[in-house]
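Naming convention: chains lettered A, B, ... in sequence-line order (proteins, then strands); numbering from 1 in each chain. No hydrogens, no waters, no symmetry mates; every other heavy atom, side chains included, goes into these values.
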Amino acid sequence: MRFAPNPNGPPTLGSTRGIVVNSEYVKEYNGTFIIRFDDTDPVTKRPMLEAYDWYMEDCKWIGAEPDQVVIASDRLPVYYEYAELLIAGGHAYVCTCTQEEFKKLKDTKQACPHRDIAPEENLREWKRMLAGEYEERTVVLRIKTDIKHKDPALRDWGAFRIIKTPHPRPEVGDKYVVWPLLDFEGAIEDHLQGITHIIRGKDLMDSESRQKYIYDYLGWTYPHTFHWGRVKMHGFGKFSTSALSTSIKSGEYSGWDDPRLPTLRALRRRGIRSEALRKFFIDMGVGETDISLSLDNLYAENRKLIDADANRYFFVWDPVRLEIPGFEPTVARPSLHPSEDRGFREIPVTSSVFVCSRDIKDARKGDVFRLKDLCNIRIIDGNTAEFIGYDIETIKKGKGRIIHWAPVDGIPVSVMTPEGEITGIGEAGIIKELDAIVQFERYGYARIDSVDKQVIAYFTHK
RNA sequence: GCUCCGAUAGUGUAGCACGGCCAAUCAUGCAGGACUCUCACUCCUGCGACUGGGGUUCAAAUCCCCAUCGGAGCACCA
């Protein structure tokens, strides 16, 4: 099996599906997993140098280390060789029609004048192409199919064109001016690498019919193919790699791992486990239906994985200070985890704490609350309350709500979420959790990304 | 305009190649409940679908036709 991305950005949720499902089949049937960089367009979908490594990194992280790596831009001579074979066999021709001219003829099922030129002449023209004698957009090498084919998409498709912009990879640079199009490059590589099964997007459904002409001319057997539909993610708008790239450069996003982006590295930074991603995509299977899915399933999967590990902490967002006059300073000792026996945090408390404004803003005089793992209080007015005891049982019997809180000398915490940044105060112990996933009680899970004068956490999910 | 593909609960998915075992699977979601010093976790209960119409057949989610809806291709992009 192979996964064939164009490295013009980091892997996204969509690419991840390709990586996971292909590699899963490989595991199940003991096959070979090849990652092939289809980087044969130095202009329109110009590859990013860093992205090659990003793909390798992300594949590894998600448990899909490739057995082989192929970089198409390294293999132009191979493609040239087969092109010549096809030209010599009279199966391909050099066409100097303009795009518009050819389209017009093709749409009316008419051959262009170049179609009947003799192979020898085509070979000579091909050499001129390779020698750089043609300018961009003046010539193209076409594969001869059936100009009268009922499906216009299959009529004499283009296989090579001229591009004089250097390739971003320094090893390649301006070495070549004749570049293959996807259907040609992919057709040759799939055969050369002995690919037996291809899963490709529904948008590439015609590729098989197009490429089969080459396979027939060369006497090859076409791999088995499957297709999958388009994936739309709820909560993520439409995005294209190139559009994202500009938004990142302009500073609209902090980078390719901005928590608002559906890239693998962003999800990783947020604390999504690779196992959750794998299960999510494997359960989804390979369907031709276009799907529009929510990340709830992924989050649910992830929650099961992280809940037992995630230590609990108090994080108060939208904090308001609540005074409890006369309360004797003490040390609260909430447990690190409600069911795993992992010990306690220790939080020194004085006669005032922070609580979420949401929790007390509608409270009236006399309302009773339990500050979780600390004490019971009764509201006096908007931001003062009186201490009324430590006993949890009295709260359990009554109707007082249990709310969480943070010490007034706590640490500032910023949580980066897909919806934006949430700031508040957390207990100081959070600084011990650098790089770990914690649960902010009554808020959700988050990965502690950095710890300095303040804590930066990346929101995982509820 | 021409061509191709798809359609099962809110979402995703199993079943469809070989029609009966499907009063349709699983997950998530939602609702209710148990547990709990978190709105988390765990557990229990419940809700919810074969796009429509014809046909073939003793029997259709499964086969055929039409319609509707959705997606894609017809690039010197991938």
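- Using the Watson-Crick or G-U wobble rule with both distances under 3.5 Å, A72(B) pairs with U3(B).
- The closest donor-acceptor contact from the side chain of Arg370(A) to the backbone of Tyr390(A) lies under 3.5 Å.
- Rounded to whole angstrom, the span from the CZ atom of Phe160(A) across to the P atom of C77(B) amounts to 13 Å.
- Among the nucleotides U11(B), C5(B), C2(B), the one closest to the side chain of Leu293(A) is U11(B).
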Go through it in stages, so that I can follow the logic: the residues are Phe3(A) and Phe33(A), the test is ring-ring contact (aromatic ring centres under 6.0 Å, His included), and I'd like the CA-CA distance, side-chain angles, deciding distance and then a yes or no. CA-CA 8 Å; Phe3(A) 172 67; Phe33(A) 181 50; 7.1 Å; no
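- Between Lys109(A) and C2(B) there is no side-chain polar atom (N or O) within less than 4.0 angstrom of OP1 or OP2.
- Here U11(B) sits opposite A27(B) as a Watson-Crick or G-U wobble pair (both hydrogen-bonding atom distances under 3.5 Å).
- Note on Arg358(A): a base of the nucleic acid sits closer than 4.0 angstrom, heavy atoms only.
- Here Asp203(A) lies in heavy-atom contact (under 4.0 Å) with a base.
- The nearest whole Å value for the distance from the NZ atom in Lys212(A) to the C1' atom in C4(B) is 14 Å.
- Contact check, Ser294(A) against G12(B): no side-chain N or O comes under 4.0 Å of OP1 or OP2.
- Between Met233(A) atom CE and U11(B) atom P the separation is 16 Å, expressed in whole Å.
- Of all nucleotides listed (U28(B), A40(B), G12(B)), G12(B) comes nearest to the side chain of Met284(A).
- A donor-acceptor contact under 3.5 angstrom links the side chains of Asn376(A) and Thr394(A), judged on distance only.
- On the P atoms, U68(B) is 15 Å away from G53(B), given to the nearest whole Å.
- U56(B) makes up no base pair with any nucleotide shown, lacking Watson-Crick or G-U wobble contacts both under 3.5 Å.
- No hydrogens or angles considered: nothing links the side chains of Thr460(A) and Arg303(A) as a donor-acceptor pair under 3.5 Å.
- If you check A49(B) for Watson-Crick or wobble pairing at under 3.5 angstrom, you find it has no partner at all.
- Taking the P atom of each, U62(B) and C4(B) are spaced 23 Å apart, rounded to whole Å.
- Across every strand in view, C43(B) sits in a pair with G33(B) that passes the Watson-Crick or G-U test at under 3.5 angstrom.
- Of the listed nucleotides (C4(B), C2(B), U38(B)), C2(B) has the atom at the smallest distance from the side chain of Pro152(A).
- Within 4.0 Å (heavy atoms only), Cys97(A) reaches at least one base atom of the nucleic acid.
- Contacts of Thr289(A) with the nucleic acid, taken as non-hydrogen atoms under 4.0 Å apart, involve only primed sugar atoms and P, OP1 or OP2.
- Of the P atoms belonging to C63(B) and A14(B), the separation is 15 Å, rounded to the nearest Å.
- Taking atom CG of Leu154(A) as the reference point, atom P of C74(B) lies 11 Å away to the nearest angstrom.
- For the pair Asp367(A) (side chain) and Ile379(A) (backbone), a donor-acceptor distance under 3.5 Å is absent.
- Annotation: U3(B) and A24(B) have their P atoms spaced 41 Å apart (nearest Å).
- Under the 6.0 Å cut-off for aromatic ring centres, His197(A) and Tyr25(A) do not qualify, their centroids lying 6.0 Å or more apart.
- Of the candidates G73(B), C37(B), G29(B), the closest approach to any side-chain atom of Arg303(A) belongs to G29(B).
- As rounded to whole Å, 22 Å separates atom P of C74(B) from atom NZ of Lys148(A).
- U25(B) and C64(B) have their C1' atoms separated by 27 Å, given to the nearest Å.
- Taking the syn range as angles within 90° of 0, the glycosidic angle of A17(B) is syn.
- Residue Asp373(A) is classed as a base contact, given a heavy-atom separation below 4.0 Å to a base.
- Side-chain proximity of Ile291(A) to the nucleotides U28(B), A72(B), G12(B) is greatest for G12(B).
- Along RNA chain B, the nucleotide nearest Asp307(A) and the nucleotide nearest Arg142(A) are compared for position; the residue whose nucleotide lies closer to the 5' end is Asp307(A).
- When the nucleotides C39(B), C74(B), U28(B) are ranked by their closest atom to the side chain of Lys304(A), U28(B) comes out on top.
- Contact annotation: side chain of Arg230(A) to base of A72(B), donor-acceptor pair absent below 3.5 Å.
- Between His149(A) and Tyr213(A), the ring planes are perpendicular. Angles over 60° get that label, and only those under 30° would be called parallel.
- Between Arg442(A) atom CZ and C37(B) atom C1' the separation is 11 Å, expressed in whole Å.
- Ring centroids of Trp405(A) and Phe314(A) are separated by less than 6.0 Å, placing the two rings close together.
- Donor-acceptor pairing under 3.5 Å is recorded for the side chains of Glu189(A) and Tyr79(A).
- Spacing of C1' atoms, G52(B) relative to A7(B), comes out at 12 Å, to the nearest Å.
- Annotation: Phe440(A) is not in aromatic contact with Trp317(A) [ring centroid separation under 6.0 Å not met].
- In this structure, Gln99(A) reaches the C76(B) phosphate: one of its side-chain N or O atoms is under 4.0 Å from OP1 or OP2.
- Using a 4.0 Å heavy-atom criterion, one finds that Ile392(A) contacts the bases of the nucleic acid, with or without backbone contacts as well.
- For Lys396(A) and C37(B), the shortest distance from a side-chain N or O to OP1 or OP2 is below 4.0 Å.
- In this structure, Lys45(A) reaches the bases: a heavy-atom distance under 4.0 Å links it to at least one base atom across the strands shown.
- Across all strands, Asn297(A) comes closer than 4.0 Å to base atoms (heavy-atom distances).
- Distance, Leu305(A) CG to A40(B) P: 18 Å, rounded to whole Å.
- Look at CD on Glu288(A): it is 14 Å from C1' on G70(B), rounded to the nearest Å.
- You'll find that the side chain of Ala153(A) is closest to G73(B), out of C77(B), G73(B), U42(B).
- Between G73(B) and G19(B), the distance separating the two C1' atoms is 34 Å to the nearest Å.
- Rounded to the nearest Å, the gap between the P atom of A17(B) and that of G55(B) is 22 Å.
- With distances taken from any side-chain atom of Arg137(A) to the nucleotides C76(B), G12(B), A78(B), the minimum falls on C76(B).
- Residue-level contact check: Ser209(A) touches neither bases nor backbone, having no heavy atom under 4.0 Å from any strand.
- Among the atoms of the strands shown, only primed sugar atoms or phosphate atoms (P, OP1, OP2) are found under 4.0 Å from some heavy atom of Leu181(A).
- Taking only distance into account, the side chain of Gln439(A) meets the base of U38(B) through a donor-acceptor pair shorter than 3.5 Å.
- Nearest to the side chain of Lys106(A), among G29(B), C74(B), C37(B), sits C74(B).
- With distances taken from any side-chain atom of Lys150(A) to the nucleotides U3(B), C37(B), G73(B), the minimum falls on U3(B).
- Residue Arg161(A) places at least one side-chain N or O under 4.0 Å from the OP1 or OP2 atom of A78(B).
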